**Student:** 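Questions regarding the structure given below will be posed in turn.
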Amino acid sequence: MVGEEHVSMIPAAPSKVWSAEVNGQPQEVLSPSNAILLDVLRDKVGCLGVKRGCDMGTCGCCAVLVDGEPRLSCLTMAQDANGCSITTVEGLADGAHLAPIQQCFADHGGSQCGFCTPGFLITSQALLDKNPNPSDEQVACAIEGNLCRCTGYQQIIESIQAAAAINRGESDLAAPSSDAHPDPHPSGPD
Amino acid sequence: MSKDYVQQPGSNSDVRVDGKRVAGKLRFNPPGSGGSRPEMAERDMEFIPELQGGNEAQPAGAHSHDKYRTGTTVGKRTPLVDAKAKVTGQAWYGDDVRLANELIGRIVRSPHHHARVKSIDTSKAEALPGVIAVSTGADAPNKFGVLPVTKDEHAMAVEKVRHVGDLVACVAAIDEETAREAASLIEVDYEVLESVHDAKKGLQDVDDPIHWRGKYHIGSTNIQKRVFQEFGDRSNLEDSHASYSGKWKFMGVNHGFTEPHAVVAHWDSNGRLQLYTPQQVPHYAHRALATVLEVPMHQVNVIRTFVGGGFGGKSDPFPHEMCAAILARKAGRPVRITFDREEVFWVNRGRHPSNIEIKMHADDEGKISGLDIDALIDGGGFASFGHVTSYYNGVLATAPYELGSFHYTGARVWTNKPASGAMRGHGAVNTRCALEVGLDDMAEKMQVDPIDLRLANLLPPHSKTITGFRITSNGMRQALERVREGSNWDEKFRKMPLGKGIGIGCGFFISGSGLPIHWDPNNFPHATVHIQIDMDGGVTVHTGAADIGQGSTTAVAQVVAEVLALPLELVHVRSHESDTSPVDLGSYSSRVTFMNANAAISAALDIREKLLDAASEILSTPSEYLILNDRRIYNKRDPAEGISYLDALHKSQEDKGALIASGAYRTPPMGGVHKGAAAGLAPAYSFSAYVAEVEVDVEMGLIKCTDVWAAHDCGKALNPLAVEGQIIGSCHMGLGQVLSEQMVYGRTGHLQNPNLLEYKIPSVHEMPNVTPIIIESCDPEGPFGAKEAGEGPLLPILPAVVNAVYDAIGIRINELPLTPDKVWAAIAKKMKLENIADANDLPTPRLDFSELQEKLLQRSSEHAKRDVLRQRSEDTNPYINGVLFGFDPNIPPEEQDGGWKISVRPDSDQIENLGLAGSAWTKVEQRHMGGEN
Ligand code: FES
Ligand code: FES
C-alpha cells in the first residue's frame with residue numbers, strides 16, 4: 001500500500017470450478033478464475049504445507065509437483081493446473097511412513113527452521129524420480145531455484161544423496177552415524 | 001522403510017510386509033518395563049567422559065556435569081525432535097494458523113520518508129461492504145520498544161511517519177481482496193517533512209528530529225545513542241612499529257528468513273487475547289502487547305508458532321502484532337495478517353549500515369598496543385536493539401587478542417529508513433571484519449604470518465579482557481591451529497598464482513547476555529524450565545525457549561533425556577505457549593543452549609534425585625551406588641540388582657502424584673563497574689577461526705569463494721549435527737553479506753530492492769565447500785560444557801574472504817559487499833596507477849619473513865603451554881589483559897601505570913579530535929542547555 005496507485009481489487013474475478021487430483025484425492029473447489037495455484041492449494045484445498053515465501057518465483061518454497069513436474073505454485077494459474085494430478089509435501093509420505101527423502105532431510109540436518117523444506121522436498125523428489133543417481137552438481141542444479149537461509153545447502157545435498165542411496169537400495173534407512181534415536185518400539189518380541 | 005514397502009491392502013495385521021510395525025498400531029508398553037524392547041540398552045561408553053570411566057576423550061579436562069552423563073544423547077548426532085513435523089508439512093508457521101471465522105488484516109503504510117500525519121479519513125474504507133474493522137494510531141497511543149530504555153514505537157503512526165512503509169492504519173475484512181481494497185481507500189493527509197537518509201547527516205542539528213527525547217535529547221540532532229570508552233595507556237601509540245588505518249563502509253543487510261512475518265490474533269470467549277506469532281522472543285511481545293492494549297499480561301497468551309527463520313529479525317515486539325490484536329478486539333473475530341515479502345523489508349531490523357574507522361598499532365614485538373574504533377551506525381526509524389548495538393560495535397572487538405589500549409567512539413543515529421536492529425552476530429560483525437583485515441595488513445607490514453601474529457597475541461583461558469569481560473573457556477588457539485592444518489595454509493598463503501587466494505579471519509561472540517534487560521538478575525533468573533512426569537513415565541518439559549530452527553527444543557530435550565537416561569522419545573518439550581511455559585527471554589544473543597539447557601539440567605537433577613531416593617529405598621542400596629541407564633536404575637556393582645525407571649517413578653509418586661521440578665539459571669556476578677560495563681558481558685564466549693579460499697576473475701571482478709575451513713569453539717557440541725548445521729548456515733549468511741547482499745537506497749532515499757530477486761542471497765551455486773571443525777573447550781559453566789554456536793560462526797567469514805581476495809589480487813577493498821563492479825573498479829584503478837595494461841599482469845603479494853616471525857613463533861609456543869595449563873585448571877593464577885605488556889594481574893592496571901585510563905566520557909580537550917561517530921560528543925544534551933527538564 002505504498003504509493004498512490006489504486007488498482008481496484010474488487011469485485012474479485014468470477015468464481016470457477018477448479019478440479020484436480022491433489023495427493024491422490026479428487027478435489028473440486030470454487031475459486032476465482034484468476035487465482036494462483038498456491039492460494040487455491042492453501043486456502044481452498046487446505047494444503048498448508050505449501051509455503052509462500054515471496055510470491056514472485058524467487059524462493060521455491062511453494063513448489064509442488066504438477067503431473068510429476070516441479071512447478072512454482074505462486075507462478076502457476078490455478079486454471080492451468082485444472083484436471084492435473086498434483087503432489088504437495090503432504091503427499092510424499094505413505095500414510096504415517098515417511099518417504100526416504102523426508103526421512104533423510106530429518107536425519108541429516110536438511111531441515112532447520114523447516115520453512116523451505118516442503119519446496120526442497122518436492123524439487124528433490126522430482127530429481128530423484130528422473131535421475132536415481134545424481135552427482136552433487138546435478139543435485140545443485142536441481143535445487144538452484146530453492147532458497148534456504150538456514151542450512152547453507154550442504155546438509156540438504158547430503159540428505160538428497162542419502163535418500164538417493166536408499167532409493168537405489170544401497171543403504172537402509174538408518175539414523176546417522178551414531179544412533180541417537182533408539183527406537184523404543186522396533187518390531188520384535190514384546 | 002525399505003523401498004519396496006507396500007501396505008497390505010485391507011489387512012488387519014499390524015505388521016508390514018517389510019517386518020516393521022504399522023504406525024498407529026504400536027502397542028505402547030510401559031516404558032520402564034522395557035517397552036517393546038525388553039532388554040535395557042548397554043551403556044554407550046563412547047559417550048561417557050573418560051574421567052568417569054568411559055571412552056570420550058576430554059582434552060580440556062573435567063566438567064562438573066560429567067557425573068550426570070549417561071551416554072544417552074549428549075554428543076551424538078541427533079536429528080531435530082521436530083524435524084518430522086517439518087518434512088511432512090505439518091509444522092504450523094504464522095500464516096498456517098487458520099481459525100474459524102477469521103478475517104484478513106492489511107496494513108496501510110506511509111508513502112513518505114518523514115511526514116506529520118494531519119488527518120486520516122477512514123470513512124470510505126469503513127463503508128466498503130465486507131470491511132469489519134478499521135483502526136488508526138488513535139486507538140493505541142502507548143509507546144513500546146524492545147528495550148525498556150528506548151521505547152519509541154507505536155502500533156501505528158500517532159503523530160508522524162518515520163520511513164516509507166511505516167504503519168499508518170489497518171483494516172480487517174472478510175477476504176484479502178476486500179482488505180487490500182479497503183486499505184487503499186484510507187485517505188491520509190500528510191505534511192511532508194525534511195528527511196534524513198545519510199547517517200552522517202544524522203549527526204547534525206535539524207529543525208525536526210525524527211524522535212524527540214526531551215531532556216535527554218542530544219542537541220537537536222538525530223543521535224539516538226553515543227558511546228565513548230577508553231581503556232589503557234595511549235600515550236606512546238605515535239611511535240608504533242606498524243599500524244593500520246582503514247575507513248570502512250558496510251551496507252545494511254536483511255535477515256532474509258524464508259517465512260514472512262504473519263500473526264493471528266483472537267480474543268477468546270473469556271476476553272483473553274490469544275496471539276499466534278512466529279516470535280523469537282515471545283516474552284517481549286507479551287510485555288509490549290499488555291502495554292499497548294492496556295490489558296494485564298495474564299490476560300494475554302502469546303502462542304509461538306513454528307518460526308520460519310529468525311536470525312534476530314523476529315525478536316522485536318512488532319507493531320503489526322498490535323494491529324492484529326486491535327483489529328480482532330474491534331471486530332470480535334480472529335484476524336490474520338500476513339506480510340508480503342516487501343513488507344518484511346519495511347520492518348527490517350537487519351544489520352546496521354555502518355561507517356567504521358579502525359586504527360591499530362603494533363609494537364616492535366608484534367604486540368597489539370592500540371585499537372581505536374569509531375563506528376557510526378545507521379539505525380533507521382526506530383531504536384530497536386540499537387542501544388546495545390552501539391556498544392557491541394566496540395566492546396566485542398576487545399577479544400580474543402590482548403590489547404595494549406582500547407579506544408572506542410560509537411554513535412547510532414535515526415534516519416528515515418526502515419529500522420535496523422539485531423541480526424545474527426549482533427553488532428560484532430562489521431567491526432570484526434575491519435579489525436581482522438587490519439591485523440592481516442599489519443602482519444603484511446611486519447612481514448610475519450597473520451596466523452602466527454594472532455597466535456602470539458591471544459588471551460588465555462580464564463582471563464579478563466581489557467574492559468573487564470570474564471573469559472572462561474577459550475578454544476581460539478586450537479581453532480587457529482586446526483584451520484591452518486586443514487587448509488594446508490603454509491603451502492598456500494602468499495604462494496598462489498594471481499586470482500587465487502587464501503585468507504584468515506577470527507571471531508569472538510557472547511554466549512548469552514549477562515544481564516536480563518527487564519529485571520534485576522538478582523531478583524529473577526534468566527531462564528526457568530519446568531519438568532513434569534506422571535504415571536505413564538512420559539516427561540513433559542515446559543520452557544519458553546523459542547525454537548527458531550536452531551534446535552533449542554532438541555537441545556533441551558537432549559539434556560533432560562541425558563540426565564534421566566531416557567530415550568528422547570519419552571521427552572516432550574512444550575514451548576509454544578506463554579500460558580504454560582515459564583517466563584523466558586527467548587532466542588537472542590545466543591543464550592538458549594547455555595541458559596535453558598542449564599536450567600533444564602537443574603530441573604532434571606531434581607527429578608533424578610527423587611528417582612534415586614525411591615530406588616535406593618526399594619533396593620536398600622545407598623543412592624551413590626546406583627546408576628541410571630536406559631529406563632533402569634541399578635547397582636553399579638551388580639547390574640542385576642536393579643529396578644525399572646517406572647517402578648522408581650511410581651514409588652516416588654506415592655505421596656505426591658506427578659513428579660514436578662523447576663530449574664533455573666542465573667548468571668554469576670561479573671564485569672566491571674564503569675558505565676556500559678554490562679554491554680557485551682556474558683557468562684561465556686565463543687571463539688572461531690576460518691580460512692577461506694577464493695578465486696577472483698581479474699577481468700570481471702567476480703569473486704567465487706571455493707572452500708572454507710571453519711573451526712568454531714562451542715564448548716561442547718551437545719548435538720554435532722546441529723552445530724555443523726549452524727556453522728555452515730552462518731557461513732552462508734556471512735558470505736551473502738561479504739559478496740552480494742545489500743539493501744540499496746536510491747537517490748530519493750527509497751529502498752530499491754525489497755524483494756528476493758534483487759536482494760541477492762547466495763544460492764546453492766555460490767556456496768563454497770565448507771569443512772566444519774568443532775572445537776570443544778569445555779566451558780566450566782556451560783551445560784555439559786556447551787557454549788553458543790548460532791551466531792559466532794558468522795563473524796570470521798567476512799574478513800577471511802576479504803583477506804583472501806587480497807592474497808589473490810593484492811587489493812584491499814573496504815566497502816562491502818564485494819560486488820564485481822566494485823572489485824573491477826578497484827582493479828582498474830590499480831592498473832591505472834601502476835601503469836599495468838593487462839589485468840593478468842597484476843602483481844600478487846608475496847611474503848618474506850622478517851626476524852619478528854621467529855619471535856612470534858617462540859612467544860606463541862610458550863603461550864600454547866600456558867593455555868593448556870590454564871584450560872585444564874592446572875594453573876589457576878589470575879590473568880588479566882595487560883599481562884603480556886608486563887602488568888601484574890593481581891593489581892588493577894590503573895594503579896600500576898599512571899597513564900592507564902578508564903574513561904567513559906571524553907575529556908574536554910579530546911572532544912574536538914574524535915572521529916566521525918565521536919563527533920556526536922560535540923553536541924550537548926538538552927538538560928545541560930536548560931532544555932526540557
Ligand atoms: S512463493 Fe513461490 S517462489 Fe517464493
Ligand atoms: S531450513 Fe530455514 S530456510 Fe531452509
Side-chain angles (χ1 to χ4, degrees), chain A residues 1-4 6 8-10 12 48-49 52-56 58-59 61 88-90 93-98 102 105-107 109 111-118 121 140 143-144 147 149-155 166-167 169 173 175-178 180-182 184-188 190, chain B residues 1 3 7 19-21 23-24 26-27 29 35-37 41 73 76-79 83-84 86-89 91 93 96 108-109 111 164-165 177-178 180-181 183-184 256-259 306-309 340-341 548-549 567-569 721 725 728-729 731-732 755-757 761 763-765 767 770:
Chain A
M1 284 311 116
V2 176
E4 303 291 320
H6 184 127
S8 177
M9 297 283 294
I10 49 172
L48 291 169
R52 176 200 308 273
C54 68
D55 241 350
M56 59 184 283
T58 51
C59 71
C61 294
T88 70
V89 63
E90 287 98 337
D94 171 8
H97 297 290
L98 301 185
Q102 293 174 300
F105 264 69
D107 288 347
S111 177
Q112 284 186 23
C113 80
F115 197 79
C116 69
T117 308
L121 289 171
I143 59 173
E144 65 190 4
L147 198 69
R149 191 55 156 171
C150 299
T151 63
Y153 309 104
Q154 208 156 303
Q155 292 179 333
I166 293 168
N167 286 343
L173 252 193
S177 52
S178 54
H181 262 275
H185 345 281
S187 52
D190 279 27
Chain B
M1 51 245 70
K3 96 177 195 288
Q7 180 142 1
K20 291 206 171 179
R21 288 163 162 276
L26 302 168
R27 286 190 18 224
N29 286 358
S36 54
R37 190 182 61 206
T73 108
K76 298 185 179 179
R77 303 180 74 84
T78 309
K84 290 202 177 138
K86 291 167 182 168
V87 298
T88 51
Y93 300 86
D96 301 335
V108 181
R109 294 179 179 276
V164 170
E177 286 84 9
T178 317
R180 281 182 191 264
E181 178 70 9
S184 69
F257 35 70
T258 43
E259 182 205 16
F306 276 75
V307 183
D340 297 337
R341 179 54 64 174
I548 57 173
L568 259 188
E569 286 80 351
L721 182 71
I728 303 168
C731 255
H732 170 257
N755 59 64
L756 296 180
L757 189 62
I761 294 175
S763 81
V764 63
H765 294 305
M767 261 313 269
V770 183

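Predicted, not measured: the structure shown is a model, and the values here were computed from it. A, B, ... follow the sequence lines: proteins, then strands. Residue 1 opens every chain.
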**Student:** Can you tell me how far the NZ atom of Lys84(B) sits from the CG atom of Asp107(A), to the nearest 0.5 Å?
**Tutor:**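 The CG atom of Asp107(A) is 7.5 Å from NZ of Lys84(B), to the nearest 0.5 Å.
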**Student:** Which heavy atom of Ile728(B) sits nearest to which heavy atom of Thr151(A), and what is that distance?
**Tutor:**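 Smallest interatomic distance, heavy atoms only, reads CG2-O, 3.5 Å.
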**Student:** Can any side-chain N or O of Lys86(B) pair as donor or acceptor with the backbone N or O of Gln112(A) at less than 3.5 Å?
**Tutor:**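 It does hold such a pair.
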**Student:** Name the member of Cys61(A), Gly152(A), Cys113(A), Gly49(A) that forms the most heavy-atom pairs with chain B at distances under 4.5 Å.
**Tutor:**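 Going by pairs under 4.5 Å, I would pick Cys113(A).
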**Student:** Please classify the contact between Tyr153(A) and chain B as side chain, backbone, both or neither, with a heavy-atom cut-off of under 4.5 Å.
**Tutor:**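 Only the side chain of Tyr153(A) comes within 4.5 Å of chain B.
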**Student:** Name the option with the most non-hydrogen atom pairs under 4.5 Å to chain A; the candidates are Cys731(B), Gly309(B), Ala83(B), Gly256(B).
**Tutor:**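 Going by pairs under 4.5 Å, I would pick Gly256(B).
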**Student:** In chain order, what residues pass the side-chain hydrogen bond (donor to acceptor under 3.5 Å, both in side chains) check against Asp55(A), with sequence neighbours excluded?
**Tutor:**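 For Asp55(A) the side-chain hydrogen bond (donor to acceptor under 3.5 Å, both in side chains) partners, ignoring immediate neighbours, are Arg52(A).
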**Student:** Between Leu721(B) and Gln155(A), what is the shortest heavy-atom contact and its length?
**Tutor:**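 In terms of heavy atoms, the two residues are closest at O-NE2, 3.3 Å.
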**Student:** Shortest non-hydrogen contact from Phe115(A) to Tyr93(B)?
**Tutor:**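 Nearest pair, atom of Phe115(A) first, then Tyr93(B): N-OH, 3.3 Å.
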**Student:** Please report the C-alpha distance between Leu147(A) and Leu756(B) in whole Å, then the side-chain angles of each, then the deciding distance to 0.1 Å, and finally whether the side-chain contact (heavy atoms from CB on, under 4.5 Å) criterion is met.
**Tutor:** CA-CA 9 Å; Leu147(A) 198 69; Leu756(B) 296 180; 3.8 Å; yes
**Student:** Do His732(B) and Arg149(A) come close enough that some side-chain heavy atom pair is under 4.5 Å?
**Tutor:**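 Yes; the side chains approach each other to less than 4.5 Å.
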**Student:** Side chain, backbone, both or neither: which part of Ala140(A) has a heavy atom under 4.5 Å from chain B?
**Tutor:**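 Both the backbone and the side chain of Ala140(A) come within 4.5 Å of chain B.
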**Student:** Is it the side chain or the backbone of Val307(B) that comes within 4.5 Å of chain A heavy atoms, both, or neither?
**Tutor:**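 Only the backbone of Val307(B) comes within 4.5 Å of chain A.
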**Student:** So what's closer than 4.5 Å to chain A heavy atoms on Ile761(B): side chain, backbone, both or neither?
**Tutor:**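 For Ile761(B), the contact with chain A is made by backbone and side chain together.
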**Student:** Could you tell me which non-hydrogen atom of Val764(B) sits nearest to which non-hydrogen atom of Glu144(A), and how far apart they are?
**Tutor:**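 In terms of heavy atoms, the two residues are closest at CG1-CA, 3.8 Å.
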